[in-house]
Amino acid sequence: MTKNAEVARVLKEIGLFLEFEGKEPFKVKAYQRAVRSISALGEDVANLADRDDLTSIPGVGKGIAEVIKSYLTTGNVGVLDELRTRVPIKIMELDAIPGVGIKTIKLVYEKLGVTDLESLEKAANEDKLSKLPGLGLKTQDQIIEGIQVARSGLSRTLLADALSIATDIETQLRKLHEINQLVFAGSIRRRRETIGDIDILVEATDPKQVMSTFVTLRDVSSVSAHGETKSSVRLSSGIQVDLRVLPKDGFGAGLQYFTGNVDHNVKLRAIAQKKGLRLNEYGLFRGEDKIAGTDESGIYKTLGLDFIPPELREDKGEIEAAQNGQLPHLIELKDIRGDLHSHTDQSDGKNTIEEMLDAAQMKGYEYYCVSDHTQSLTIANGMDESRLLQRIEEIDTLNASGRWKMKILKGAEVDILSEGSLDIKDEVLSQLDLVTVSIHSRMKDNKKTMTERVCHALESKYVHILGHPTGRLLLKRSEFEIDLDAVFESAKQNNVVMELNAHPQRLDLNAGNLRAATRMGLKIAINTDAHWTTELDHMQFGVYQARRGWLTKNDVINTYPLKKMMSTIKK
DNA sequence: GCCGTTTTCGGCCCGACTGTTTTCAGTCG
């Protein structure tokens with residue numbers, strides 16, 4: 001488990017207290033920037049600290065680096081302790097209430113002695129908030145509602161779920177013939193792994209009609225804003241959806257602006273300023289003249305940049321690369337020629353091998369690997385050697401049948417045991433076309449043990465791919481403790497490919513890991529790990545993640561024709 | 001507090017919406 005979330009929380013709290021105390025706004029912003037950076041960091045901030053490289057994180061300079069170091073080594077930060085003593089309130093808890101900001105927190109603390117959710121709720125229920133200057137009955141009601149939202153611990157939503165919710169809203173809105181254009185923006189468009197809220201942009205002949213339809217859609221549980229260009233609702237599922245109406249001649253500018261992320265946009269604006277231009281959500285202007293903004297590409301072009309795919313817009317070097325014509329040509333879904341990790345009902349899959357093959361054939365794949373679990377994973381009905389040998393014969397027969405045009409590859413997802421040995425004998429492994437090894441047990445091993453265990457497994461001359469290398473389940477289980485640099489090094493030595501597991505809940509490796517792996521010259525396999533036929537569709541999420549990791553077609557072995565793919569993994 | 005194609009000082013994005021204001025402050029993205 002990385003320290004990133006903890007460190008981000010500490011920095012956020014410091015930022016909030018500084019704002020509370022009325023400190024220099026840009027100092028506050030500096031902390032907020034660092035929080036964003038560290039939350040989105042591809043690797044463990046503790047590793048960067050070990051390497052004494054914290055200031056390589058955008059927005060982290062000497063001062064904040066010291067804060068992080070102090071926290072990581074002692075578990076405490078002096079300045080934060082002082083702030084907490086001076087202002088004894090649960091500032092993070094209060095700030096988590098939608099509609100409540102620092103000014104309100106300060107007001108209720110100073111006037112009513114409110115220090116946490118409970119005391120705020122009590123004050124609201126006793127009708128004390130509405131008596132305060134600047135607040136009224138409506139605000140008080142809003143706060144009462146907001147406290148419930150904060151309590152429900154409103155978390156993020158998987159990309160796949162957010163996309164499906166957004167698509168449902170799109171379908172409902174598209175019934176309005178007033179709508180000319182509709183796109184998803186924000187983190188959905190950047191294809192982040194998880195989504196905070198859903199941003200939808202439309203261009204329409206009758207914005208008012210669109211807005212009133214939007215705020216009355218089924219599933220809308222509350223409306224927090226309803227204006228002419230912006231409306232905001234919360235669905236019964238808890239997720240917030242923002243809809244914005246943009247003018248036709250500024251649609252590209254709005255799309256660029258609302259795609260973000262904020263750090264990317266800030267840097268873009270600075271570039272505009274240096275050219276004597278002004279960039280905002282309505283367009284790119286020279287004086288009063290709009291010189292770009294109808295479409296996004298015009299904005300980037302006018303600023304002297306190549307078009308930056310949304311997945312890269314996180315201020316992680318893409319702007320500089322775009323200035324120098326060095327953006328990667330990112331992989332696309334159509335580049336994928338096969339899936340190298342899938343299950344059947346012989347282990348814990350839900351479909352027969354024939355059903356899986358039919359579904360894979362529909363994808364137009366050139367090859368497809370069947371890789372069921374092995375014996376240690378009893379809960380998944382893992383295969384032992386004799387069943388695996390039968391499976392090998394079965395696939396030979398299926399290949400010979402000619403029913404499927406694609407090549408069916410004989411594989412297995414072999415368990416890595418406690419010492420890094422594998423749970424299938426070498427003489428059986430040697431008969432498989434493709435061996436993926438994965439950790440499914442003892443995930444709480446300490447970093448050293450886990451790293452040695454995985455590295456040892458990679459030394460087997462029958463291993464081709466390391467499956468879901470960090471074992472995380474988004475929003476559910478952290479990655480296990482492992483030194484990925486060492487694993488990558490071992491993979492490099494032993495010609496082992498890293499899996500990018502495309503399951504929406506895994507997306508393992510993450511974008512930062514992928515960049516690090518390919519920088520070391522490793523190859524990646526994007527695999528669905530499908531347990532039933534419809535999960536073969538998860539390939540798209542793997543490709544999104546690959547794009548976020550700056551991967552090109554050449555980085556990914558399952559874009560290769562069969563022969564080249566097989567020779568690439570050959571030991 | 002951070003940062004550099006106005007580079008070691010002096011900037012740092014800004015507009016929509018709401019509720020409470022009778023001209024604007026707070027929050028959000």
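Quick note on labels: first sequence line is chain A, next is B, and so on, each numbered from 1.
Here A:V28 lies out of heavy-atom contact (under 4.0 Å) with every strand. Note on A:D197: only backbone sugar-phosphate atoms sit closer than 4.0 angstrom, heavy atoms only; bases stay farther off. Contacts of A:L279 with the nucleic acid, taken as non-hydrogen atoms under 4.0 Å apart, are absent. As judged by a 4.0 angstrom heavy-atom cut-off over every strand, A:F258 is placed among residues making no nucleic acid contact. Nucleic acid contact for A:E66: none, since no nucleic acid atom lies under 4.0 Å from a heavy atom of the residue. No contact: A:K29 has no heavy atom under 4.0 Å from any strand. Within the nucleic acid shown, A:L137 comes within 4.0 Å of sugar-phosphate atoms alone, with no base atom in reach, counting heavy atoms only. When heavy atoms are screened at a 4.0 angstrom cut-off, A:P133 is found touching no nucleic acid atom at all.
Within the shown strands, nothing qualifies as a pairing partner of B:dT8 under the Watson-Crick or G-U definition with both distances less than 3.5 Å.
OP1 or OP2 of B:dG1 sits under 4.0 Å from a side-chain N or O of A:K27. Close to B:dC17, at under 4.0 Å from its OP1 or OP2, lies no side-chain N or O of A:S231. Contact annotation: A:Q273 side-chain N/O to B:dG11 OP1/OP2 distance is not under 4.0 Å. The side chain of A:Q142 places no N or O atom within less than 4.0 Å of a non-bridging phosphate oxygen (OP1 or OP2) of B:dT18. Between A:Y282 and B:dA16 there is a side-chain N or O to OP1 or OP2 distance below 4.0 Å. For A:T139 and B:dT20, the shortest distance from a side-chain N or O to OP1 or OP2 is below 4.0 Å.
For A:D199 and B:dG29, the CG to P distance is 9 Å, given to the nearest whole Å. Nucleotide B:dG4 holds its P atom 12 Å from the CD1 atom of A:I319, rounded to whole Å. Look at CZ on A:R234: it is 14 Å from C1' on B:dG29, rounded to the nearest Å. Atom-to-atom, CZ of A:R244 to C1' of B:dC14 comes out at 13 Å; the value is rounded to the nearest Å. When rounded to the nearest whole Å, the span between CD1 of A:I14 and P of B:dG1 equals 10 Å. A:M211 places its CE atom 11 Å from the C1' atom of B:dC17, with the value rounded to the nearest Å. In this structure, A:R33 places its CZ atom 7 Å from P of B:dC3, rounding to the nearest Å. At whole-Å resolution of the value, CD1 in A:I271 and P in B:dC3 are 16 Å apart.
Comparing the same atom, C1', in B:dG10 and in B:dG15 gives a spacing of 25 Å after rounding to whole Å. Taking atom P in both B:dT6 and B:dC2, one finds a spacing of 23 Å when rounded to whole Å. Nucleotides B:dA25 and B:dT20 have their C1' atoms positioned 9 Å apart, rounded to a whole Å. Rounded to whole Å, the separation between the P atoms of B:dT18 and B:dC13 comes to 26 Å. Annotation: B:dT7 and B:dG11 have their C1' atoms spaced 12 Å apart (nearest Å). With both ends at atom C1', the span from B:dC12 to B:dC17 equals 25 Å, rounded to whole Å. Separation of the C1' atoms belonging to B:dC14 and B:dT8 is 28 Å when rounded to the nearest angstrom.
Remark: side-chain polar atoms of A:T55 are not paired, donor with acceptor, to backbone N or O of A:K62 under 3.5 angstrom. A donor-acceptor contact shorter than 3.5 Å is absent between the side chain of A:R477 and the backbone of A:L474. Distance alone, capped at 3.5 Å, is enough to place a donor-acceptor pair between the A:N4 side chain and the A:V45 backbone.
Rounding to the nearest 0.5 Å gives a distance of 5.0 Å between CG of A:L312 and CG of A:L330.
Remark on DNA chain B: of its neighbouring residues A:I105 and A:S224, the 5'-side contact belongs to A:S224, judged by nearest-heavy-atom nucleotide.
A:Q209 and A:T213 share a donor-acceptor pair across their side chains, judged by distance under 3.5 Å alone.
Among the nucleotides B:dC17, B:dC12, B:dT27, the one closest to the side chain of A:T104 is B:dT27. When each of B:dC13, B:dT20, B:dG1 is scored by its nearest atom to the side-chain atoms of A:R269, the top-ranked nucleotide is B:dC13. Residue A:E281 has its side chain nearest to B:dG15 when only B:dC17, B:dT18, B:dG15 are considered. Nearest nucleotide to the A:A30 side chain, out of B:dC2, B:dA16, B:dT20: B:dC2.
Using a cutoff of 4.0 Å between basic side-chain nitrogens and carboxylate oxygens, A:R51 and A:E43 are scored as salt-bridged. In summary, A:R189 and A:E296 engage in a salt bridge, as defined by a charged side-chain N under 4.0 Å from a carboxylate O.
Residue-to-nucleotide contacts include no donor-acceptor pair under 3.5 Å from the side chain of A:Y257 to the base of B:dG15.
Among all heavy-atom pairs drawn from A:L112 and A:A123, the shortest one is CD1-CB, 4.1 Å.
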